[in-house]
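Reviewing the structure listed below.
We name chains A, B, ... by the order of the sequence lines, and we start the count at 1 in each one. Side chains included, hydrogens not; waters and symmetry mates left out as well; all remaining heavy atoms used.
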Amino acid sequence: MAKKVYVGLSGGVDSSVTAALLVEQGYDVTGVYMKNWSKDLPGFDCPWKQDYQDAKRVAVQLGIPFKLYDFETEYRAKVVDYMVAEYQAGRTPNPDVMCNQEVKFKLFLDTALADGADFIATGHYARVGRDLGREVGSPDGAIARDPHYSSRATLMTAANAEKDQTYFLYRVTEEALSRSLMPIGEFASKAEVRAKAAELGLSTAAKKDSQGICFVGKVGIKDFLLHELGQQPHGRIVDQNRATVGEHDGAIFYTIGQRHGLSVGGGLPYYVVGKDMAKNEVSVTTDLQDTRLWRNQLTITDLHWINQAPELGKTYQARTRYRAPLVECQIYLEDGPIDTNLARATLDLTDEIRAITPGQSAVLYDGNRVVGGGIVV
RNA sequence: UAGGGCGUGGCCAAGUGGUAAGGCAUCAGUUUUUGGUACUGACAUUCGGGGGUUCGAAUCCCUCCGCCCUAG
(Lines give C-alpha, C1' and ligand atoms only; values in the text may rest on other atoms or scores of the structure.)
Protein backbone atom coordinates (compact mmCIF):
# COMPACT_ATOMS: atom_id res chain seq x y z
CA MET A 1 0.00 0.00 0.00
CA ALA A 2 1.33 3.39 -1.01
CA LYS A 3 2.54 5.78 1.65
CA LYS A 4 0.31 8.71 2.41
CA VAL A 5 1.76 12.17 1.88
CA TYR A 6 0.12 15.44 2.82
CA VAL A 7 1.41 18.21 0.62
CA GLY A 8 1.22 21.82 1.68
CA LEU A 9 -0.34 23.52 -1.33
CA SER A 10 0.09 27.28 -1.14
CA GLY A 11 -1.41 28.02 -4.50
CA GLY A 12 1.99 28.64 -6.06
CA VAL A 13 3.98 26.76 -8.67
CA ASP A 14 6.51 25.14 -6.39
CA SER A 15 4.05 23.35 -4.18
CA SER A 16 1.91 22.45 -7.19
CA VAL A 17 4.83 20.70 -8.84
CA THR A 18 5.72 19.08 -5.54
CA ALA A 19 2.31 17.47 -5.38
CA ALA A 20 2.44 16.45 -9.03
CA LEU A 21 5.83 14.81 -8.66
CA LEU A 22 4.72 12.81 -5.66
CA VAL A 23 1.64 11.62 -7.54
CA GLU A 24 3.93 10.58 -10.39
CA GLN A 25 6.13 8.73 -7.96
CA GLY A 26 3.21 6.69 -6.72
CA TYR A 27 2.47 8.21 -3.34
CA ASP A 28 -1.03 8.50 -2.00
CA VAL A 29 -1.15 12.28 -2.07
CA THR A 30 -3.47 14.70 -0.30
CA GLY A 31 -3.28 18.44 -0.84
CA VAL A 32 -3.64 20.77 2.13
CA TYR A 33 -4.05 24.52 2.11
CA MET A 34 -2.81 26.09 5.31
CA LYS A 35 -4.82 29.16 6.14
CA ASN A 36 -2.41 31.17 8.24
CA TRP A 37 -3.58 34.69 7.58
CA SER A 38 -6.72 36.06 6.01
CA LYS A 39 -6.99 39.55 7.39
CA ASP A 40 -7.24 42.47 5.02
CA LEU A 41 -5.16 45.46 5.89
CA PRO A 42 -5.58 49.10 4.89
CA GLY A 43 -4.75 49.29 1.21
CA PHE A 44 -4.30 45.59 0.90
CA ASP A 45 -6.67 42.73 0.32
CA CYS A 46 -5.27 39.48 1.63
CA PRO A 47 -5.05 37.08 -1.32
CA TRP A 48 -5.79 33.97 0.69
CA LYS A 49 -9.04 33.20 -1.13
CA GLN A 50 -7.33 33.38 -4.48
CA ASP A 51 -4.47 31.20 -3.23
CA TYR A 52 -6.93 28.74 -1.78
CA GLN A 53 -8.75 28.54 -5.12
CA ASP A 54 -5.47 28.06 -6.98
CA ALA A 55 -4.43 25.30 -4.62
CA LYS A 56 -7.78 23.58 -4.88
CA ARG A 57 -7.72 23.78 -8.64
CA VAL A 58 -4.35 22.05 -8.73
CA ALA A 59 -5.67 19.33 -6.45
CA VAL A 60 -8.59 18.79 -8.78
CA GLN A 61 -6.27 18.68 -11.79
CA LEU A 62 -4.16 16.07 -10.06
CA GLY A 63 -7.17 14.16 -8.89
CA ILE A 64 -6.14 14.21 -5.23
CA PRO A 65 -8.14 14.94 -2.08
CA PHE A 66 -7.95 18.48 -0.82
CA LYS A 67 -8.19 19.86 2.71
CA LEU A 68 -8.03 23.17 4.49
CA TYR A 69 -6.16 23.47 7.75
CA ASP A 70 -6.98 26.63 9.64
CA PHE A 71 -3.93 27.71 11.62
CA GLU A 72 -4.72 31.38 11.94
CA THR A 73 -4.83 31.42 15.71
CA GLU A 74 -1.58 29.58 16.11
CA TYR A 75 0.12 31.51 13.33
CA ARG A 76 -0.87 34.72 15.00
CA ALA A 77 0.49 33.55 18.34
CA LYS A 78 3.66 31.84 17.19
CA VAL A 79 4.75 33.94 14.26
CA VAL A 80 3.11 37.35 14.17
CA ASP A 81 3.21 38.06 17.89
CA TYR A 82 6.80 36.89 18.02
CA MET A 83 7.70 39.12 15.12
CA VAL A 84 6.05 42.18 16.58
CA ALA A 85 7.59 41.61 20.00
CA GLU A 86 11.05 41.27 18.49
CA TYR A 87 10.69 44.50 16.57
CA GLN A 88 9.56 46.21 19.74
CA ALA A 89 12.67 44.94 21.47
CA GLY A 90 14.79 46.59 18.80
CA ARG A 91 15.73 43.44 16.95
CA THR A 92 15.01 42.35 13.39
CA PRO A 93 13.27 38.99 13.50
CA ASN A 94 12.89 36.47 10.74
CA PRO A 95 9.25 35.38 10.74
CA ASP A 96 9.74 32.75 8.08
CA VAL A 97 12.20 30.86 10.25
CA MET A 98 9.59 30.83 12.98
CA CYS A 99 6.84 29.86 10.56
CA ASN A 100 8.77 26.79 9.47
CA GLN A 101 9.74 25.84 12.99
CA GLU A 102 6.33 26.27 14.58
CA VAL A 103 3.74 25.97 11.86
CA LYS A 104 4.84 24.03 8.80
CA PHE A 105 7.10 21.48 10.43
CA LYS A 106 5.32 21.19 13.73
CA LEU A 107 1.66 22.09 13.61
CA PHE A 108 1.10 21.01 10.03
CA LEU A 109 3.20 17.91 10.50
CA ASP A 110 1.46 16.83 13.69
CA THR A 111 -1.97 17.52 12.27
CA ALA A 112 -1.20 15.59 9.11
CA LEU A 113 0.23 12.63 11.02
CA ALA A 114 -2.82 12.59 13.25
CA ASP A 115 -4.89 12.54 10.07
CA GLY A 116 -3.16 9.39 8.96
CA ALA A 117 -0.32 10.75 6.86
CA ASP A 118 3.05 9.05 6.73
CA PHE A 119 4.83 12.10 5.41
CA ILE A 120 4.35 15.74 4.70
CA ALA A 121 5.80 17.52 1.71
CA THR A 122 6.49 21.16 0.98
CA GLY A 123 7.68 23.15 -2.00
CA HIS A 124 10.90 24.27 -0.39
CA TYR A 125 14.15 24.55 -2.27
CA ALA A 126 16.00 22.19 0.03
CA ARG A 127 16.66 18.48 0.22
CA VAL A 128 16.20 15.90 2.90
CA GLY A 129 19.06 13.49 3.15
CA ARG A 130 18.53 9.98 4.42
CA ASP A 131 22.13 8.96 4.40
CA LEU A 132 22.66 8.71 8.12
CA GLY A 133 20.12 6.01 8.74
CA ARG A 134 17.62 3.77 7.14
CA GLU A 135 16.06 5.27 4.09
CA VAL A 136 12.54 6.46 4.39
CA GLY A 137 10.17 8.01 1.94
CA SER A 138 10.06 5.40 -0.79
CA PRO A 139 6.54 5.10 -2.17
CA ASP A 140 6.14 1.39 -1.54
CA GLY A 141 7.06 1.77 2.08
CA ALA A 142 9.39 -1.16 1.96
CA ILE A 143 12.38 0.66 3.33
CA ALA A 144 10.81 2.81 6.00
CA ARG A 145 9.83 0.29 8.62
CA ASP A 146 9.23 2.32 11.74
CA PRO A 147 6.11 4.41 11.22
CA HIS A 148 7.29 7.09 13.62
CA TYR A 149 10.53 9.00 13.34
CA SER A 150 12.50 5.99 12.43
CA SER A 151 15.16 7.51 10.32
CA ARG A 152 18.09 9.79 10.77
CA ALA A 153 17.29 12.59 8.35
CA THR A 154 19.51 15.48 7.39
CA LEU A 155 18.74 18.85 5.87
CA MET A 156 20.70 19.41 2.68
CA THR A 157 20.98 22.45 0.44
CA ALA A 158 19.01 22.59 -2.80
CA ALA A 159 20.52 21.58 -6.11
CA ASN A 160 19.77 25.12 -7.17
CA ALA A 161 22.09 27.10 -4.94
CA GLU A 162 20.58 30.39 -6.04
CA LYS A 163 17.17 29.45 -4.72
CA ASP A 164 18.30 27.50 -1.69
CA GLN A 165 15.95 28.07 1.24
CA THR A 166 17.68 26.10 3.95
CA TYR A 167 18.40 29.38 5.71
CA PHE A 168 14.73 29.43 6.70
CA LEU A 169 14.68 25.78 7.67
CA TYR A 170 17.57 25.34 10.07
CA ARG A 171 15.33 25.19 13.13
CA VAL A 172 13.40 22.18 11.89
CA THR A 173 13.95 19.04 13.91
CA GLU A 174 15.48 15.81 12.73
CA GLU A 175 12.24 14.03 13.58
CA ALA A 176 10.25 16.41 11.43
CA LEU A 177 12.71 16.02 8.56
CA SER A 178 12.44 12.28 8.69
CA ARG A 179 8.77 12.75 7.92
CA SER A 180 9.29 15.39 5.23
CA LEU A 181 9.71 15.35 1.46
CA MET A 182 11.02 18.28 -0.57
CA PRO A 183 11.27 17.15 -4.17
CA ILE A 184 11.67 20.70 -5.51
CA GLY A 185 15.12 20.75 -4.00
CA GLU A 186 16.33 18.50 -6.79
CA PHE A 187 15.56 21.00 -9.53
CA ALA A 188 18.48 22.87 -10.98
CA SER A 189 16.47 25.99 -11.76
CA LYS A 190 13.16 27.67 -11.28
CA ALA A 191 12.69 27.56 -15.03
CA GLU A 192 12.67 23.79 -14.88
CA VAL A 193 10.04 23.86 -12.17
CA ARG A 194 7.84 26.07 -14.29
CA ALA A 195 8.53 23.93 -17.33
CA LYS A 196 7.44 20.86 -15.41
CA ALA A 197 4.28 22.65 -14.31
CA ALA A 198 3.56 23.69 -17.88
CA GLU A 199 4.22 20.19 -19.15
CA LEU A 200 1.67 18.83 -16.71
CA GLY A 201 -0.75 21.57 -17.58
CA LEU A 202 -0.96 22.85 -14.03
CA SER A 203 -2.95 26.03 -13.72
CA THR A 204 -0.31 27.65 -11.54
CA ALA A 205 2.49 27.21 -14.10
CA ALA A 206 2.76 30.90 -14.87
CA LYS A 207 1.63 32.31 -11.53
CA LYS A 208 3.90 34.99 -10.19
CA ASP A 209 6.02 34.10 -7.18
CA SER A 210 4.48 35.30 -3.96
CA GLN A 211 5.84 36.61 -0.70
CA GLY A 212 6.59 34.38 2.23
CA ILE A 213 4.28 36.34 4.42
CA CYS A 214 1.30 37.73 2.68
CA PHE A 215 1.07 41.03 4.49
CA VAL A 216 4.74 41.84 4.20
CA GLY A 217 5.77 43.04 0.80
CA LYS A 218 2.47 44.35 -0.40
CA VAL A 219 1.90 46.33 2.74
CA GLY A 220 5.47 46.59 3.94
CA ILE A 221 6.79 45.79 7.34
CA LYS A 222 6.69 49.40 8.45
CA ASP A 223 3.04 49.86 7.65
CA PHE A 224 2.26 46.57 9.28
CA LEU A 225 4.01 47.56 12.48
CA LEU A 226 2.28 50.94 12.41
CA HIS A 227 -1.00 49.10 12.11
CA GLU A 228 -0.11 46.81 15.02
CA LEU A 229 1.65 49.22 17.34
CA GLY A 230 0.57 52.68 16.26
CA GLN A 231 2.80 55.70 15.85
CA GLN A 232 6.22 55.49 17.45
CA PRO A 233 8.17 58.23 19.22
CA HIS A 234 10.49 60.09 16.90
CA GLY A 235 14.17 60.39 17.69
CA ARG A 236 17.56 61.47 16.48
CA ILE A 237 19.58 60.02 13.65
CA VAL A 238 23.24 60.38 14.60
CA ASP A 239 26.22 59.98 12.28
CA GLN A 240 29.70 58.61 12.92
CA ASN A 241 30.78 61.96 14.34
CA ARG A 242 27.87 62.06 16.78
CA ALA A 243 26.31 64.84 14.76
CA THR A 244 22.54 64.80 14.45
CA VAL A 245 21.76 64.47 10.76
CA GLY A 246 18.06 63.89 10.89
CA GLU A 247 15.02 62.57 12.67
CA HIS A 248 13.58 59.08 12.49
CA ASP A 249 9.95 58.18 13.03
CA GLY A 250 10.53 55.19 15.26
CA ALA A 251 13.75 53.28 15.89
CA ILE A 252 11.95 49.93 15.69
CA PHE A 253 11.40 50.43 11.95
CA TYR A 254 15.08 50.42 11.12
CA THR A 255 17.48 47.55 10.77
CA ILE A 256 21.25 47.26 10.66
CA GLY A 257 22.74 47.81 7.23
CA GLN A 258 19.68 49.60 5.96
CA ARG A 259 20.19 52.48 3.58
CA HIS A 260 16.84 53.72 2.35
CA GLY A 261 13.98 55.12 4.35
CA LEU A 262 15.95 57.56 6.43
CA SER A 263 15.08 60.53 4.21
CA VAL A 264 18.48 61.95 4.96
CA GLY A 265 20.47 63.12 1.99
CA GLY A 266 23.63 65.02 1.21
CA GLY A 267 26.88 63.60 -0.05
CA LEU A 268 27.22 59.87 0.51
CA PRO A 269 24.50 57.39 1.38
CA TYR A 270 23.86 56.71 5.04
CA TYR A 271 23.72 53.18 6.38
CA VAL A 272 22.25 52.20 9.72
CA VAL A 273 24.92 50.75 11.99
CA GLY A 274 23.18 50.65 15.34
CA LYS A 275 20.12 51.37 17.38
CA ASP A 276 19.91 52.57 20.95
CA MET A 277 16.39 51.72 22.02
CA ALA A 278 16.80 53.36 25.44
CA LYS A 279 17.81 56.67 23.87
CA ASN A 280 15.55 56.06 20.90
CA GLU A 281 18.52 56.85 18.69
CA VAL A 282 19.48 55.44 15.31
CA SER A 283 23.20 55.50 14.42
CA VAL A 284 24.25 55.84 10.81
CA THR A 285 27.48 56.13 8.91
CA THR A 286 28.62 57.23 5.49
CA ASP A 287 31.84 55.29 5.88
CA LEU A 288 31.55 51.96 4.10
CA GLN A 289 34.55 50.77 6.09
CA ASP A 290 32.95 51.68 9.41
CA THR A 291 33.92 49.07 11.96
CA ARG A 292 30.36 48.95 13.23
CA LEU A 293 29.26 47.77 9.81
CA TRP A 294 31.80 44.96 9.51
CA ARG A 295 32.47 42.23 12.01
CA ASN A 296 34.24 38.90 12.01
CA GLN A 297 32.76 37.60 15.21
CA LEU A 298 29.25 37.19 16.52
CA THR A 299 27.35 35.60 19.34
CA ILE A 300 24.30 33.46 18.84
CA THR A 301 21.69 32.16 21.23
CA ASP A 302 18.60 29.93 21.02
CA LEU A 303 20.81 27.31 19.48
CA HIS A 304 19.30 24.53 17.45
CA TRP A 305 21.22 21.63 15.92
CA ILE A 306 19.43 19.31 13.55
CA ASN A 307 21.38 16.12 14.08
CA GLN A 308 24.07 16.87 16.59
CA ALA A 309 25.98 19.84 17.92
CA PRO A 310 28.89 21.06 15.82
CA GLU A 311 32.41 20.12 16.72
CA LEU A 312 34.29 22.85 18.46
CA GLY A 313 37.21 24.09 16.44
CA LYS A 314 36.11 22.45 13.23
CA THR A 315 35.68 24.70 10.21
CA TYR A 316 32.14 25.20 9.02
CA GLN A 317 30.49 27.69 6.70
CA ALA A 318 28.11 30.27 8.07
CA ARG A 319 25.39 32.45 6.62
CA THR A 320 24.05 35.40 8.57
CA ARG A 321 21.40 36.62 6.19
CA TYR A 322 19.28 34.99 3.52
CA ARG A 323 21.23 34.78 0.25
CA ALA A 324 24.35 36.20 1.86
CA PRO A 325 27.59 34.53 0.84
CA LEU A 326 28.89 31.73 3.01
CA VAL A 327 31.84 32.51 5.24
CA GLU A 328 34.14 30.01 6.85
CA CYS A 329 33.95 29.97 10.59
CA GLN A 330 34.64 28.13 13.79
CA ILE A 331 32.28 27.87 16.72
CA TYR A 332 33.08 28.21 20.41
CA LEU A 333 31.07 27.87 23.55
CA GLU A 334 30.31 30.93 25.54
CA ASP A 335 28.91 29.10 28.53
CA GLY A 336 27.12 25.87 29.18
CA PRO A 337 26.99 22.81 27.00
CA ILE A 338 26.61 23.57 23.33
CA ASP A 339 23.80 21.16 22.78
CA THR A 340 21.33 22.91 25.02
CA ASN A 341 19.02 25.62 23.88
CA LEU A 342 20.04 27.85 26.75
CA ALA A 343 23.63 28.09 25.71
CA ARG A 344 25.28 30.78 23.74
CA ALA A 345 28.00 30.27 21.22
CA THR A 346 30.52 32.47 19.50
CA LEU A 347 31.33 32.28 15.82
CA ASP A 348 34.74 33.35 14.60
CA LEU A 349 34.59 34.18 10.91
CA THR A 350 37.55 34.11 8.57
CA ASP A 351 36.27 37.18 6.78
CA GLU A 352 34.48 40.22 8.02
CA ILE A 353 30.88 40.34 6.96
CA ARG A 354 28.55 43.23 6.63
CA ALA A 355 25.63 44.20 8.82
CA ILE A 356 25.36 41.42 11.33
CA THR A 357 21.93 42.00 12.79
CA PRO A 358 20.45 40.96 16.14
CA GLY A 359 17.31 38.89 15.63
CA GLN A 360 18.49 37.43 12.35
CA SER A 361 19.80 33.89 12.21
CA ALA A 362 23.28 32.54 11.74
CA VAL A 363 23.11 29.16 10.03
CA LEU A 364 26.00 26.71 10.01
CA TYR A 365 26.75 24.47 7.05
CA ASP A 366 29.06 21.54 6.71
CA GLY A 367 29.34 21.45 2.98
CA ASN A 368 25.84 20.73 1.69
CA ARG A 369 24.52 19.70 5.06
CA VAL A 370 22.82 22.15 7.40
CA VAL A 371 24.16 21.71 10.90
CA GLY A 372 21.84 24.18 12.60
CA GLY A 373 22.36 27.62 14.04
CA GLY A 374 21.03 30.28 16.33
CA ILE A 375 19.72 33.78 16.68
CA VAL A 376 22.24 36.61 16.52
CA VAL A 377 22.48 38.48 19.82
C1' U B 1 27.68 98.93 10.47
C1' A B 2 32.51 98.58 7.53
C1' G B 3 35.84 94.35 4.97
C1' G B 4 35.36 89.42 2.85
C1' G B 5 32.39 85.10 1.31
C1' C B 6 27.97 82.79 -0.21
C1' G B 7 22.87 81.87 -2.04
C1' U B 8 21.93 76.08 -8.32
C1' G B 9 15.74 70.67 -7.44
C1' G B 10 14.41 67.96 -0.28
C1' C B 11 20.15 67.67 0.89
C1' C B 12 25.31 67.95 -0.88
C1' A B 13 27.57 69.88 -5.27
C1' A B 14 29.85 70.99 -10.62
C1' G B 15 29.37 74.81 -13.94
C1' U B 16 32.38 82.19 -14.42
C1' G B 17 28.98 84.00 -21.72
C1' G B 18 26.68 79.32 -25.43
C1' U B 19 21.92 77.20 -24.02
C1' A B 20 21.63 73.32 -16.06
C1' A B 21 27.34 67.42 -14.52
C1' G B 22 27.31 64.11 -10.62
C1' G B 23 26.12 62.13 -5.74
C1' C B 24 22.45 61.58 -1.64
C1' A B 25 17.33 61.42 -0.71
C1' U B 26 12.57 60.36 -2.91
C1' C B 27 9.43 57.64 -6.33
C1' A B 28 8.74 53.43 -9.73
C1' G B 29 10.51 48.75 -11.31
C1' U B 30 13.97 44.25 -11.07
C1' U B 31 16.18 40.68 -7.70
C1' U B 32 14.24 38.13 -2.98
C1' U B 33 9.34 33.09 0.94
C1' U B 34 12.10 37.93 6.60
C1' G B 35 13.98 42.72 7.20
C1' G B 36 17.79 44.67 4.45
C1' U B 37 21.35 44.91 0.44
C1' A B 38 22.26 45.35 -4.80
C1' C B 39 20.68 46.67 -9.77
C1' U B 40 17.61 49.60 -13.45
C1' G B 41 14.66 53.80 -14.56
C1' A B 42 12.31 58.59 -13.33
C1' C B 43 13.17 63.25 -11.09
C1' A B 44 15.22 71.72 -12.11
C1' U B 45 12.36 74.90 -19.20
C1' U B 46 15.64 76.49 -14.57
C1' C B 47 20.01 78.57 -11.24
C1' G B 48 17.38 83.79 -3.97
C1' G B 49 13.88 88.23 -6.16
C1' G B 50 13.73 92.28 -9.72
C1' G B 51 15.99 95.06 -13.62
C1' G B 52 19.94 95.67 -17.35
C1' U B 53 24.06 94.38 -21.08
C1' U B 54 24.26 90.55 -25.09
C1' C B 55 22.41 87.01 -30.95
C1' G B 56 22.73 84.28 -26.35
C1' A B 57 23.77 84.61 -19.09
C1' A B 58 23.37 80.33 -13.58
C1' U B 59 27.68 82.67 -15.38
C1' C B 60 28.83 90.25 -16.75
C1' C B 61 26.48 94.97 -14.50
C1' C B 62 22.77 97.39 -11.02
C1' U B 63 19.50 96.71 -7.12
C1' C B 64 16.68 94.27 -3.31
C1' C B 65 16.32 89.94 0.09
C1' G B 66 18.67 86.11 3.06
C1' C B 67 22.82 83.58 5.24
C1' C B 68 28.16 83.05 6.94
C1' C B 69 33.11 84.78 8.55
C1' U B 70 36.33 88.79 10.11
C1' A B 71 36.39 93.54 12.32
C1' G B 72 36.44 96.18 19.88
Between C1' on U33(B) and CD on Glu102(A), what's the gap in Å once rounded to a whole number? 18 Å
Expressed in whole Å, how much space separates the C1' atoms belonging to U59(B) and G29(B)? 38 Å
Are there over 12 heavy-atom neighbours, none belonging to Lys78(A), within less than 6.0 Å of that residue's NZ? no
Sugar-phosphate, base or nothing in reach of Gln258(A), heavy atoms under 4.0 Å: sugar-phosphate
Neighbour count >12 (heavy atoms, 6.0 Å) for atom NZ, Lys56(A): no
How far, in whole Å, is U26(B) from C69(B) if one measures between their P atoms? 31 Å
Expressed in angstrom and rounded to an integer, what is the separation of Tyr82(A) atom OH from U34(B) atom C1'? 10 Å
If pairing requires Watson-Crick or G-U wobble contacts with both distances under 3.5 Å, which nucleotide is the partner of A14(B)? none
Which whole number of Å gives the distance between the C1' atom of G3(B) and that of G18(B)? 35 Å
Using a 4.0 Å heavy-atom cut-off, does Thr357(A) contact any base of the nucleic acid, only the sugar-phosphate backbone, or nothing at all? base
Out of A25(B), U34(B), G36(B), whichever nucleotide has its closest atom nearest the side chain of Pro269(A): A25(B)
Could you tell me whether Tyr125(A) contacts a base, only the sugar-phosphate backbone, or nothing, with contacts defined as non-hydrogen atoms closer than 4.0 Å? nothing
Carboxylate-amine/guanidinium contact Arg194(A) Asp209(A), below 4.0 Å: yes
Taking only N and O in the side chain of Lys190(A), is any of them less than 4.0 Å away from OP1 or OP2 of U32(B)? no
Rounding to an integer number of angstrom, what distance separates C12(B) and U53(B) when you compare their C1' atoms? 33 Å
Whole-Å distance separating the CD1 atom of Ile252(A) from the C1' atom of G36(B): 16 Å
Tell me the interatomic distance from Asp239(A), atom CG, to C24(B), atom P, rounded to whole angstroms. 18 Å
Rounded to whole Å, NZ of Lys207(A) lies from C1' of U33(B) at a distance of 13 Å
Only one of Phe187(A), Tyr167(A), Phe168(A), Phe105(A) passes ring pair (Phe, Tyr, Trp, His ring centres under 6.0 Å) with His124(A), and that residue is Phe105(A)
May I have the distance from Asn100(A) (atom CG) to U34(B) (atom P), rounded to whole angstrom? 12 Å
Mind checking if His260(A) touches a base, just sugar-phosphate, or nothing, with heavy atoms under 4.0 Å? sugar-phosphate
Any idea if U46(B) is syn or anti, going by the 90°-from-0 cut? anti
Pro358(A) and Val377(A), any side-chain heavy atoms less than 4.5 Å apart: no
With nearest nucleotides of RNA chain B determined for Leu268(A) and Tyr87(A) from heavy-atom distances, which residue corresponds to the more 5′ nucleotide? Leu268(A)
Indicate whether OP1 or OP2 belonging to A38(B) is found under 4.0 Å from a side-chain N or O atom of Arg259(A). yes
Measuring only the C1' atom in each nucleotide, how far is G66(B) from U19(B)? A whole number of Å is fine. 29 Å
Taking for each residue the nucleotide of RNA chain B bearing the nearest heavy atom, is the 5' side occupied by Ile256(A) or by His124(A)? His124(A)
Answer for the Watson-Crick or wobble partner of A57(B), both distances under 3.5 Å, is none
What nucleic acid atoms does Tyr270(A) come within less than 4.0 Å of, heavy atoms only: base, sugar-phosphate, or nothing? nothing
Tell me the partner of A2(B), counting only Watson-Crick (N1-N3 plus N6-O4 or O6-N4) or G-U wobble (N1-O2 and O6-N3) with both under 3.5 Å; none if nothing fits. U70(B)
Establish, with yes or no, whether the OP1 or OP2 oxygen of A38(B) is under 4.0 angstrom from a side-chain nitrogen or oxygen of Tyr271(A). yes
Taking CG from Asn94(A) and P from G35(B), how many angstroms apart are they, rounded to a whole number? 9 Å
Given the ring of Phe253(A), does Lys222(A) sit roughly above its face, with NZ or CZ under 6.0 Å from the centre of the six-membered ring and within 45° of the axis? yes
Watson-Crick or G-U counterpart of G7(B), or none if no pair lies under 3.5 Å: C65(B)
Protein-nucleotide distance (Glu162(A), atom CD; A38(B), atom C1'), rounded to Å: 13 Å
Quote, to the nearest angstrom, the P distance that separates G52(B) from A58(B). 14 Å
Any side-chain heavy-atom pair of Tyr87(A) and Ile221(A) under 4.5 Å: yes
Tell me the partner of U32(B), counting only Watson-Crick (N1-N3 plus N6-O4 or O6-N4) or G-U wobble (N1-O2 and O6-N3) with both under 3.5 Å; none if nothing fits. none
Nucleotide opposite U26(B) in a Watson-Crick or G-U pair, distances under 3.5 Å: A42(B)
